[in-house]
Participant: 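Starting off with a structure, shown below.
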Amino acid sequence: VRRVPRKIRNRCMPIAFRCFALGLLVPVLGTRMACKLAVVARRDLQMSAGKLAAQVGHAVHDAVMGCPKAKLESWEDDGSMIVVLQADSEAELKELQSAATRLKLQSFDVQDEGLTEVEDETFTVLAIGPDASNRVDMVTGTLKLYADAAAAARTEAAELRERLAAAEAELATLRAKADL
């Protein structure tokens, strides 16, 4: 905190504390809170990339439309960070939603209409925030970034091909030595 005359500081601190508690800009102190919006998607549904994008888009739209103006402006001024994380089940999404509610964080669930890939009223994603990053992290801080199952399979296949090539090279070396 930079030096501010005591008379001014004493009048401003209650305002600054309220802004800090809300995760808003704190212009009195010359600092601001980093903000983000976390969207948690279910991996167990194995949604296609297009379906996942649509569900995340719905969640972001709901979060932006339901966000108080001051908090939304703070998030936008901070760069509008959005992070997409993964959960393994509907039960996990519900636990996260309960935790967000306990901490008085906004949360918005998306339930699909069941027209394409998943059943009607399937809880697909949960948006938490936008709010101060440290508050959102209190709920989502242990979750992993969303990883596409196909990309993970391709990475694993590439690693297995490398190991196979190394094993074949070692086998060829051993055969060459055995022929001597």
Participant: Pick out which of Val56, Asp112, Thr124 makes a side chain to side chain contact (heavy atoms under 4.5 Å, CB included) with Lys51.
Facilitator: Asp112

Participant: Could you grab the distance from atom CZ of Arg42 to atom CD of Glu92, nearest 0.5 Å is fine?
Facilitator: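 Between atom CZ of Arg42 and atom CD of Glu92 there are 10.0 Å.
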
Participant: Answer yes if Leu174 and Leu164 sit in the same cluster of Ile, Leu, Val, Met, Phe, Trp and Tyr residues linked by side chain heavy atoms under 4.5 Å apart, and no otherwise.
Facilitator: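 No, no single cluster joins them.
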
Participant: Quick one: closest heavy-atom pair of Ala34 and Asp78, and the distance?
Facilitator: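 Nearest heavy atoms, Ala34 then Asp78: CA-OD2, 3.3 Å.
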
Participant: Without swapping roles, check the side chain of Ser74 against the backbone of Ala70 for a donor-acceptor pair under 3.5 Å.
Facilitator: no

Participant: If we ignore hydrogens and angles and just use 3.5 Å, is the side chain of Gln86 paired with the main-chain N or O of Ala147 as donor and acceptor?
Facilitator: yes

Participant: Establish whether Leu85 and Leu126 are linked, either directly or via other cluster members, by ILVMFWY side-chain heavy-atom contacts under 4.5 Å.
Facilitator: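 Cluster IDs for Leu85 and Leu126 match.
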
Participant: Is there side-chain contact between Pro68 and Gln106, with heavy atoms separated by less than 4.5 Å?
Facilitator: yes

Participant: Just verifying a value: how many Å separate Asp62 CG and Cys67 SG, rounded to the nearest 0.5 Å?
Facilitator: 12.5 Å

Participant: With a 3.5 Å distance limit and no angle check, can you tell me whether Arg135 reaches the backbone of Gly129 through a side-chain donor-acceptor pair?
Facilitator: no

Participant: Hydrophobic clusters here meaning ILVMFWY residues chained together by side-chain heavy-atom distances under 4.5 Å, can you tell me if Val64 and Val110 are in one?
Facilitator: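 Same cluster: Val64 reaches Val110 through Ile, Leu, Val, Met, Phe, Trp or Tyr contacts under 4.5 Å.
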
Participant: Is it possible for you to say whether Tyr146 and Leu45 belong to one hydrophobic cluster, with membership spreading through side-chain heavy-atom contacts below 4.5 Å?
Facilitator: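 Looking at the clustering, Leu45 is in the same group as Tyr146.
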
Participant: Between Lys36 and Asp137, is there a side-chain heavy-atom distance shorter than 4.5 Å?
Facilitator: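 Side-chain contact under 4.5 Å: yes.
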
Participant: Can you tell me how far the OG1 atom of Thr122 sits from the CD atom of Gln55, to the nearest 0.5 Å?
Facilitator: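 Here the interatomic distance stands at 9.0 Å.
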
Participant: Answer yes if Ile82 and Leu72 sit in the same cluster of Ile, Leu, Val, Met, Phe, Trp and Tyr residues linked by side chain heavy atoms under 4.5 Å apart, and no otherwise.
Facilitator: yes

Participant: How far apart are the closest heavy atoms of Gln97 and Ser107, and which atoms are they?
Facilitator: CG-OG, 3.5 Å

Participant: Between Met65 and Phe108, is any pair of side-chain heavy atoms under 4.5 Å apart?
Facilitator: no

Participant: In this structure, which one of Val83, Asp109, Leu93, Val139 forms a side chain to side chain contact (heavy atoms under 4.5 Å, CB included) with Val40?
Facilitator: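 Of the listed options, the one satisfying the test is Leu93.
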
Participant: Apply the test salt bridge (charged side-chain N to carboxylate O under 4.0 Å, His left out) to residues Arg163 and Glu159: give CA-CA distance (whole Å), side-chain angles for both, the deciding distance (0.1 Å), then the verdict.
Facilitator: CA-CA 6 Å; Arg163 289 175 51 195; Glu159 290 171 358; over 6 Å; no

Participant: Given 3.5 Å as the limit, does a donor-acceptor pair link the side chain of Trp75 with the main chain of Asp131, or not?
Facilitator: no

Participant: If you measure from CE on Met81 to CG on Leu37, what distance do you get to the nearest 0.5 Å?
Facilitator: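 One gets 10.5 Å once the value is rounded to the nearest 0.5 Å.
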
Participant: How many angstroms lie between CG in Leu96 and CG in Leu105, if you round to the nearest 0.5 Å?
Facilitator: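 Here the rounded value is 11.5 Å.
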
Participant: Let me confirm one number: the OG-CG distance from Ser98 to Leu103, rounded to the nearest 0.5 Å.
Facilitator: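 Reported to 0.5 Å precision, the distance equals 11.0 Å.
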
